[in-house]
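Worth knowing before you read on, the calculation uses all heavy atoms, side chains too, and leaves out hydrogens, waters and symmetry mates.
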There are 2 protein chains.
Amino acid sequence: MTTQQLIDQIKIKKSFLAVGLDVDLNKIPPHLLELEDPIFEFNKAIIDATHDLAVAYKPNTAFYEAYGIKGWMSLQKTINYINSTYPDIFTIADAKRGDIGNTSSMYAKAFFEDLNFDSVTVAPYMGKDSVEPFLAFENKHTIMLALTSNEGAFDFQTLNVDGKELYKQVLETSKTWKNSENLMYVVGATKAEYFTEIRKIVPDSFLLVPGVGAQGGSLAEVCKYGMNANVGLLINSSRAIIYASNGTDFVEKAREEALKMQQEMEAILNDIKPN
Amino acid sequence: MTTQQLIDQIKIKKSFLAVGLDVDLNKIPPHLLELEDPIFEFNKAIIDATHDLAVAYKPNTAFYEAYGIKGWMSLQKTINYINSTYPDIFTIADAKRGDIGNTSSMYAKAFFEDLNFDSVTVAPYMGKDSVEPFLAFENKHTIMLALTSNEGAFDFQTLNVDGKELYKQVLETSKTWKNSENLMYVVGATKAEYFTEIRKIVPDSFLLVPGVGAQGGSLAEVCKYGMNANVGLLINSSRAIIYASNGTDFVEKAREEALKMQQEMEAILNDIKPN
């Protein structure tokens with residue numbers, strides 16, 4: 001999917017919601033556990049109930065790998081289902097990969113070719129040659145960790161590196177890499193005040209924002225400081241939507257939560273004065 | 001496996017060699033491609049030929065994920081084969097994972113429980129709560145990236161953070177984490193002069209050292225600056241061993257290369273004067 005197609009979908013749906021498909025068998029409705037592939041059935045039900053309210057789905061690979069080969073099969077079925085049923089959806093493999101060059105190429109192949117995701121999250125610590133192999137794929141997007149939403153973000157990401165925080169250096173350096181136009185960035189919602197600074201460095205890039213909902217970030221604050229002319233935000237919500245209920249009404253409750261988010265987003269989009 | 005058991009194996013085998021199982025179907029002997037699971041058959045042959053010369057095997061997950069479910073099955077068969085046939089071998093899942101706490105727990109479950117590796121590599125960028133879930137597993141080892149062997153290592157890892165390089169801050173901070181005794185570190189062999197500084201911070205920890213062989217690092221240099229009283233090093237070699245030949249003699253050639261490494265290691269160990 002091109003960036004323009006993603007922007008078009010945001011305008012059509014009046015939503016910039018990404019739904020995180022972080023499926024934990026201990027948290028899904030127990031009646032699903034009798035099915036042959038509870039993870040896929042759960043995802044399918046959530047996707048069918050929310051696809052008109054969300055522009056993206058983001059399975060986190062950890063939750064699939066934890067169940068071994070069966071989990072990997074559920075992931076493959078999930079991405080195949082989205083790609084075949086809702087081709088306008090932007091798909092994100094939240095994998096946080098990164099390795100030396102020839103190895104990162106294999107990860108890129110795994111997520112962009114074998115699984116056919118539109119995008120994958122990557123970690124910056126190993127630098128340029130660990131990320132550029134992902135950037136080489138046309139119409140695929142590489143979402144690099146900049147400032148994450150967890151407490152540990154303050155261990156290293158905000159350390160002072162020659163007068164600026166490390167995450168800012170990461171953003172600036174990444175702009176010099178080949179095909180950097182294929183970069184997006186992860187920026188946690190729990191630190192909305194940072195968005196002003198981030199937009200000075202990457203005014204045009206899309207930002208994937210976790211931490212709204214269960215992790216406590218404010219949508220309005222993030223939009224106030226982080227939105228650009230093309231919206232430029234994908235707000236992720238996982239637990240608040242997919243675990244809204246663990247009863248037989250989980251589909252309806254998930255839709256209700258997604259609808260709340262979408263309506264809040266629509267109100268924000270309507271408030272923006274056209275330039 | 002406990003750290004002491006690993007040290008014992010190093011003494012018994014007079015080797016601190018880890019063989020990287022980074023299997024690329026374009027590089028293995030073509031006659032294997034006719035078999036049902038070429039990746040596993042290749043690994044099995046390499047392992048059988050080198051198990052008395054190596055103390056560890058290190059499959060890099062990227063090379064398995066690139067082949068989807070079939071690749072993940074090859075990975076599972078490989079780790080099961082090692083665990084059942086050569087239980088004294090230390091196993092390393094080179095996965096470079098890391099995410100927010102509840103998600104890292106799922107990764108830990110995937111590699112320590114589902115696949116039953118002795119250790120996994122992790123990335124430090126997300127800080128304490130992204131690594132501690134791995135450290136909670138008894139007799140399992142978490143090998144954190146400190147200073148990697150690739151060119152991109154100089155993009156961020158060596159940046160000056162309040163008067164010291166980032167990788168040193170990563171090492172120091174990690175020592176304060178809960179169960180930090182379960183930490184080992186990745187330190188690239190291409191920068192042997194750094195080992196002196198690193199040993200000031202983590203004198204007792206095991207270091208996993210990639211970059212000897214195909215990437216050009218010197219074993220003697222690494223040992224000179226990096227070895228401690230318990231050896232404290234695992235030297236990884238991947239391509240130089242496993243792709244020593246891509247003909248029908250690949251097993252013999254791989255053993256020859258592993259034997260060269262082991263003999264070089266034995267000579268170094270014999271040179272060390274007992275304290």
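In this structure, the side chain of Asp129(A) engages the main chain of Gly152(B) through a donor-acceptor pair within 3.5 Å. The main-chain N or O of Ile100(A) is never found under 3.5 Å from a side-chain atom of Asn150(B) such that the two would form a donor-acceptor pair. Proximity of a side-chain donor or acceptor of Tyr125(A) to a complementary backbone N or O of Ala153(B) within less than 3.5 Å is not detected. Using modelled atom types, no side-chain atom of Asn160(A) and backbone atom of Asp162(B) make a donor-acceptor pair closer than 3.5 Å.
With chain B as partner, the option from Leu159(A), Thr148(A), Asn102(A), Thr103(A) having the largest number of non-hydrogen pairs under 4.5 angstrom is Thr103(A). Counting heavy-atom pairs under 4.5 Å between each of Leu166(A), Leu75(A), Asp94(A) and chain B puts Leu166(A) at the top. Listed options Glu65(A), Glu151(A), Lys128(A) were ranked by heavy-atom pairs under 4.5 angstrom with chain B; first place goes to Glu65(A). For chain A, the option among Gly98(B), Pro124(B), Ala95(B) with the highest count of heavy-atom pairs below 4.5 Å is Pro124(B). For the options Phe154(B), Tyr67(B), Tyr167(B), Phe63(B), heavy-atom pairs under 4.5 Å to chain A are most numerous at Phe63(B). Counting heavy-atom pairs under 4.5 Å between each of Gly71(B), Ser104(B), Ala66(B), Ala123(B) and chain A puts Ala66(B) at the top. The greatest number of non-hydrogen atom pairs below 4.5 Å with chain A, out of Asp24(B), Leu147(B), Leu145(B), is found for Leu145(B).
Contact of Val131(A) with chain B is not made at all, since no heavy-atom distance falls under 4.5 Å. Neither the backbone nor the side chain of Leu115(A) comes within contact range of chain B, judged by heavy atoms closer than 4.5 Å. Neither the backbone nor the side chain of Asp22(A) comes within contact range of chain B, judged by heavy atoms closer than 4.5 Å.
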Decide yes or no on side chain to side chain contact (heavy atoms under 4.5 Å, CB included) for Val161(A) and Phe156(B), but give the supporting numbers first. CA-CA 9 Å; Val161(A) 176; Phe156(B) 307 121; over 6 Å; no

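Pairing each heavy atom of Gln76(A) with each of Ile69(B), the nearest pair is OE1-CD1, 3.0 Å. Nearest heavy-atom pair, Gly68(A) versus Trp72(B), reported as atom, atom and distance to 0.1 Å: C-NE1, 3.7 Å.
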Validation: residues 106-113 of chain A side-chain donor-acceptor distances under 3.5 Å, sequence neighbours left out:
{"from": "Tyr107(A)", "atom 1": "OH", "to": "Thr61(B)", "atom 2": "OG1", "distance (Å)": "2.6"}
{"from": "Tyr107(A)", "atom 1": "OH", "to": "Ala62(B)", "atom 2": "N", "distance (Å)": "3.4"}
{"from": "Tyr107(A)", "atom 1": "OH", "to": "Arg97(B)", "atom 2": "NH1", "distance (Å)": "3.4"}

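Shown here are the side chain to side chain donor-acceptor pair (under 3.5 Å) partners of Thr173(B), two or more places apart in sequence or in another chain: Gln169(B).
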